[in-house]
Amino acid sequence: MPHPGEPGRLGIGEVLELEIGPVAHGGWCVARHEGKAVFVRHALPGERVRAKVTEETARLVRAEVVQVLDASPDRVTPPCPYAGPGRCGGCDWQHASLAAQRRLKAAVVEDQLHRIAGIERTVTVRALPLSEPSEAGSPTGPEPDDGLGWRTRVQFAVRRDGVVGFRRHRSHDIEPVDHCLIAHPEVERLGVERNRWPGVERVEAVGSAATGDRVVAVSERVRRARVPHLDAPVRVVRGEPQPGPGLPYVREVAAGRTWQVSAAGFWQVHPGAAQAFVDAVVAGLRPRAGEQVLDLYCGVGLFLGALAREVGPTGTLVGVEEDALAVRDARHNLRDLPNVGVEQGRVDRVLGRLDPVDLVVLDPPRAGAGRDVVRQIARLAGRGIAYVSCDPATLARDLGYFAELGWVLRDLSAYDAFPMTHHVESVAVLEPAG
């Protein structure tokens, strides 16, 4: 209900009739009500809807569609029964066609570049192939472009009664599910959702599309919680994984190599993403024989391995990674390349002791690199920088910092690495101004 003595305030649960405007970053569309911005989920630009208020601050209102009065031609019936207002918070755009989803994501990238960095750029979000090369070198199966069955790493939440599901949007409440349509078949084959997990807080299921390897990482509420018998062979890790020879891993394939990725370690969740990003980085940087390369937030060494082939044995490559498991995997994965080294440590601290190089690659977490890291990269990089980003807002912010230091955006590619969600991956290539 409205707050007494505060005219103009809306009550949680109040229903508004709204004309929906443009898309906004985060899976929202923007409308206006009495001069205030209303960020609406489950809407599409151009629609007229009735939306229920879920949150209000001094600056904005958040709401969810409860009735579509005039639908967009891009609206479709969500394929998942758990998608929709008040339900699973994992997918933002199941009510939009895939083509519309990609246009919306492109509009968000363009808007963030313009508003935050002052960069005018027309963006196209590209689809990714669902299959990746197998160890035998052949695709792993058919590739229906329906936006489903792609997520090879899925983190499930578990209620105190052991029921599995996903968090609802902006909530700690759990929506129980018995299947997930965007999960890869190798993950669904385990049957995580069809079992009870008493005493467990989270379950992360990993299934490699290339090799069929499977790992389940369990975060427990109580010591030695019972792990159910799953529907397919799988290696199980309890608690926080620690580096060691017995730690389970999955094998992934990209850039002509097979990669070891420890349980709960980072690898792109879409089967086609790793190869696509490698191709974009190599094409953008145009590495030359004998060049020096620095790979920041290098993970298990994907870009180091790909670029080592390009710069050859006379080149030198250094990766920097904070996570101990990833460093262990990277050193194992690149053990055949004597001109590649991996340093463990925080990027902002390690950069200060490194020498200038020809090329820099960075693939930071969602928070981006930040002003201090950008300043150090701009000092070290000679010929080119490739920035792989999973967040257009922090990418635009950091591109603005690079511009202040004399680096300009030469090329930008965007990829639909997370269909049905608002997330979009970008690869930006920078060069010195002039």
Side-chain angles (χ1 to χ4, degrees), residues 10-76 78 80 82-116 123 125 147 166-173 175 182 366-367 389-397 414 416-426:
L10 300 171
I12 303 303
E14 186 170 344
V15 176
L16 310 175
E17 186 170 316
L18 301 169
E19 300 285 343
I20 302 299
V23 64
H25 182 34
W28 310 88
C29 289
V30 183
R32 308 292 298 186
H33 177 75
E34 297 181 352
K36 183 176 282 192
V38 184
F39 287 77
V40 187
R41 276 177 63 80
H42 309 291
L44 291 172
E47 291 187 326
R48 187 168 62 90
V49 304
R50 300 178 75 236
K52 181 174 67 175
V53 174
T54 58
E55 183 182 340
E56 184 179 16
T57 71
R59 297 185 301 109
L60 58 85
V61 175
R62 301 187 193 277
E64 290 191 333
V65 170
V66 294
Q67 183 181 5
V68 179
L69 303 175
D70 292 320
S72 164
D74 294 320
R75 180 172 284 275
V76 299
C80 177
Y82 305 109
R87 305 296 300 278
C88 171
C91 291
D92 309 286
W93 295 121
Q94 287 216 10
H95 59 287
S97 69
L98 265 182
Q101 291 180 36
R102 290 163 186 159
R103 291 196 302 271
L104 292 169
K105 295 179 186 187
V108 167
V109 177
E110 291 175 357
D111 175 67
Q112 299 297 296
L113 291 174
H114 169 71
R115 288 196 309 105
I116 299 174
V123 175
V125 174
F166 297 107
R167 302 284 179 190
R168 293 170 182 152
H169 185 68
R170 296 177 68 84
S171 171
H172 294 295
D173 294 338
E175 177 75 16
I182 66 171
R366 197 170 305 282
S389 169
C390 60
D391 188 281
T394 56
L395 172 64
R397 179 202 65 199
D416 194 15
F418 309 91
M420 302 295 171
T421 80
H422 75 269
H423 299 291
V424 58
E425 198 91 10
S426 304

**Student:** With rounding to the nearest 0.5 angstrom, report the CZ to CD distance, F39 to E55.
**Tutor:** 11.5 Å
**Student:** Could you tell me the separation between the NE2 atom of H422 and the NZ atom of K105, rounded to the nearest 0.5 Å?
**Tutor:**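 That separation rounds to 9.0 Å.
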**Student:** Are the side chain of Q101 and the backbone of W93 linked by a donor-acceptor contact shorter than 3.5 Å?
**Tutor:** yes
**Student:** Regarding R366 and H423, is there a side-chain donor-to-acceptor distance under 3.5 Å anywhere?
**Tutor:**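 Yes, because at least one side-chain N or O of R366 sits under 3.5 Å from a partner of the opposite role on H423.
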**Student:** Name each donor-acceptor pair under 3.5 Å that joins a side chain in residues 15-27 to protein atoms two or more places apart or in another chain, with its distance.
**Tutor:**
from : atom 1 : to   : atom 2 : distance (Å)
E17  : OE2    : R48  : NH1    : 2.8
H25  : NE2    : D391 : OD2    : 3.4

**Student:** For a quick test of reading the model, state the closest non-hydrogen atom pair linking L69 to R50 and the distance between them.
**Tutor:** CD1-CG, 3.8 Å
**Student:** Got a second to check how far L10's CG is from E56's CD, nearest 0.5 Å?
**Tutor:**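 Answer rounded to 0.5 Å: 4.5 Å.
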**Student:** Please answer whether the main-chain N or O of C80 pairs with a side-chain N or O of Q94 as donor and acceptor at a distance below 3.5 Å.
**Tutor:**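 Flag set: sc Q94 to bb C80 pair under 3.5 Å.
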**Student:** Do you know the tightest heavy-atom contact between L395 and S389?
**Tutor:**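 Closest approach of L395 to S389: CB-OG, 3.4 Å.
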**Student:** Kindly write out the residues that satisfy side chain to side chain donor-acceptor pair (under 3.5 Å) with E110, not counting sequence neighbours, or none if the list is empty.
**Tutor:**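 E110 satisfies side chain to side chain donor-acceptor pair (under 3.5 Å) with no other residue.
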**Student:** Return the minimal non-hydrogen interatomic distance between R168 and R87, and the atom names on each side.
**Tutor:**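 Where R168 meets R87 most closely, the heavy atoms are CG-O, 3.3 Å.
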**Student:** Provide the closest heavy-atom pair for V125 versus A106 in the form atom of the first, atom of the second, distance.
**Tutor:** CG2-N, 3.5 Å
**Student:** Within a strict 4.5 Å, meaning less than it, do heavy atoms of the P392 and D111 side chains meet?
**Tutor:**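 No, every pair of side-chain atoms sits at 4.5 Å or beyond.
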**Student:** Do you know the tightest heavy-atom contact between R75 and A43?
**Tutor:** NH2-CA, 3.8 Å
**Student:** More than 12 heavy atoms of other residues, nucleotides or ligands under 6.0 Å from CZ of R32: is that the case?
**Tutor:**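 Atom CZ in R32 is packed in, count exceeds 12.
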**Student:** Looking at NE2 of H42 and NE2 of H169, how far apart are the two atoms once the value is rounded to the nearest 0.5 Å?
**Tutor:** 7.5 Å
**Student:** Quick one: closest heavy-atom pair of E64 and T54, and the distance?
**Tutor:** CG-CG2, 4.0 Å
**Student:** Between CG of D173 and CZ of R167, what distance do you get to the nearest 0.5 Å?
**Tutor:** 8.5 Å
